[in-house]
Student: 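Below is the structure I would like to discuss, written out as structure tokens.
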Amino acid sequence: MARQYWLVKSEPDVYSIDDLERDGETFWDGVRNYSARNLMRDKMRVGDRVLYYHSNAKPPGVVGIAEVARESYPDHTQFDPKSKYHDPKATEEKPRWFMVDIAFVEKLPRAVSLPEIKDTKALSEMVLVNRSRLSVQPVRKSEYDLILRMSRS
DNA sequence: GCCAACGTTGGC
DNA sequence: GCCAACGTTGGC
């Protein structure tokens, strides 16, 4: 299948693009939304490209690129009573939440901010603009390419 | 810090 | 199955 494109949100205070650059690779734990889970569990493939978005930042925006390094497997934090992501209804036999691993690719030469994205007609159909609170979302190749081009200008 | 959007939970 | 109450996300 052709490479697909995604966007993931992360609060830089929690885990920023710099943290990902330092670590090289990480597991994307803590996603507790069924739409986002289904995308990770069923659609994300190794090698897919991922726009890395800083939410709750000033300004919020796309700051880098990552790629899917491992396809979905159960998110271990759901089984951990001490984790804030613990889910008492999940069992090892029947996990409810899944995650993927993502690897650092590069930081954008310049962040592309949310206001800028909102001002760009060709990006007006992005899920980011039209649906609040989805932390893993699909992106069109044309949108991905345009954001990269904007970051270089 | 506020609050709109909206997903989830649980009573009925 | 409906829907009110509740909790969270995330921009501003």
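Reminder, nothing fancy here: chain letters follow the sequence lines and each chain counts from 1. Just so you know, these numbers use all the heavy atoms, side chains as well, and skip hydrogens, waters and symmetry mates.
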Student: Between A:Lys9 and C:dT9, is there a side-chain N or O to OP1/OP2 distance below 4.0 Å?
Tutor: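 The answer is no; no side-chain N or O of A:Lys9 sits under 4.0 Å from OP1 or OP2.
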Student: Start with the C-alpha gap between A:Thr77 and A:Arg32, add the side-chain angles, then the distance that decides, and say whether side-chain hydrogen bond (donor to acceptor under 3.5 Å, both in side chains) holds.
Tutor: CA-CA 11 Å; A:Thr77 61; A:Arg32 294 293 180 271; 3.0 Å; yes
Student: Just the rounded figure in Å: distance from P of B:dT8 to CZ of A:Arg32.
Tutor: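 Going from CZ in A:Arg32 over to P in B:dT8 covers 12 Å.
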Student: Round to the nearest Å and state the distance from A:His54 atom NE2 to C:dT9 atom C1'.
Tutor: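 Taking atom C1' of C:dT9 as the reference, NE2 of A:His54 is at 16 Å.
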Student: Of all the nucleotides listed (C:dG11, B:dG7, B:dG10), which has the minimum atom distance to the side chain of A:Asn56?
Tutor: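 Per side-chain heavy atoms of A:Asn56, the pick is C:dG11.
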Student: Just the rounded figure in Å: distance from C1' of C:dG10 to CE of A:Met126.
Tutor: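 Atom CE in A:Met126 sits about 16 Å away from atom C1' in C:dG10.
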Student: Looking for any heavy atom pair under 4.0 Å, which part of the strands does A:Arg131 touch: base, sugar-phosphate only, or nothing?
Tutor: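 Since only primed, P, OP1 and OP2 atoms lie under 4.0 Å of A:Arg131, the category is sugar-phosphate.
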Student: Select one nucleotide: of C:dG11, B:dG7, B:dC6, the one nearest the side-chain heavy atoms of A:Ser132.
Tutor: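 My answer, after comparing the listed nucleotides, is B:dC6.
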Student: Establish, with yes or no, whether the OP1 or OP2 oxygen of B:dA4 is under 4.0 angstrom from a side-chain nitrogen or oxygen of A:Arg133.
Tutor: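 For B:dA4, neither OP1 nor OP2 has a side-chain N or O of A:Arg133 closer than 4.0 Å.
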Student: What is the separation between atom OH on A:Tyr34 and atom C1' on C:dT9, rounded to the nearest whole Å?
Tutor: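 Whole-Å distance recorded here is 17 Å.
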Student: Would you mind telling me which of C:dG10, C:dC12, B:dG7 lies closest to the side-chain atoms of A:Lys118?
Tutor: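 Closest nucleotide among those given: C:dC12.
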Student: Expressed as a whole number of angstroms, how long is the span from A:Leu114:CG to C:dC12:C1'?
Tutor: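 So the CG-C1' distance, A:Leu114 to C:dC12, works out to 11 Å.
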Student: Atom OH of A:Tyr85 and atom C1' of C:dT8: how far apart are they, to the nearest Å?
Tutor: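 Atom-to-atom, A:Tyr85 to C:dT8, this comes out as 12 Å.
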Student: Rounded to whole Å, please give me the gap between CD1 in A:Ile117 and C1' in C:dG11.
Tutor: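 These atoms are roughly 13 Å apart.
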Student: Give a yes or no on whether the backbone of A:Arg96 and the side-chain of A:Gln78 come within a donor-acceptor separation of less than 3.5 Å.
Tutor: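 Checked: pair present.
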Student: Using only side-chain N and O atoms of A:Lys89, determine if any of them is under 4.0 Å from OP1 or OP2 of B:dT8.
Tutor: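 It does not, given that no N or O in the side chain of A:Lys89 lies less than 4.0 Å from OP1 or OP2 of B:dT8.
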Student: At their closest point, which heavy atom of A:Phe79 faces which heavy atom of A:Asp75, and how far apart are they?
Tutor: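 Answer, listing the atom of A:Phe79 first, then A:Asp75: CE1-O, 4.2 Å.
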Student: Would you say the side-chain atoms of A:Arg110 pair up with the backbone N or O of A:Ser153, donor to acceptor, closer than 3.5 Å?
Tutor: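 Checked: pair present.
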Student: Please work out whether the ring planes of A:Tyr144 and A:Tyr5 are parallel, tilted or perpendicular, with thresholds of 30° and 60°.
Tutor: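 The arrangement is tilted - the two ring planes meet at 30° to 60°.
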Student: Base, sugar-phosphate, or nothing for A:Lys58, non-hydrogen atoms under 4.0 angstrom?
Tutor: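 Contact class for A:Lys58: none.
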Student: Starting at CD of A:Glu11 and ending at P of C:dT8, how long is that distance when rounded to a whole Å?
Tutor: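 About 13 Å, once rounded to whole Å.
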Student: Taking the side chain of A:Arg96 as its heavy atoms from C-beta onward, which of C:dC12, B:dC6, B:dT9 lies nearest to it?
Tutor: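 So the side chain of A:Arg96 is nearest to B:dT9.
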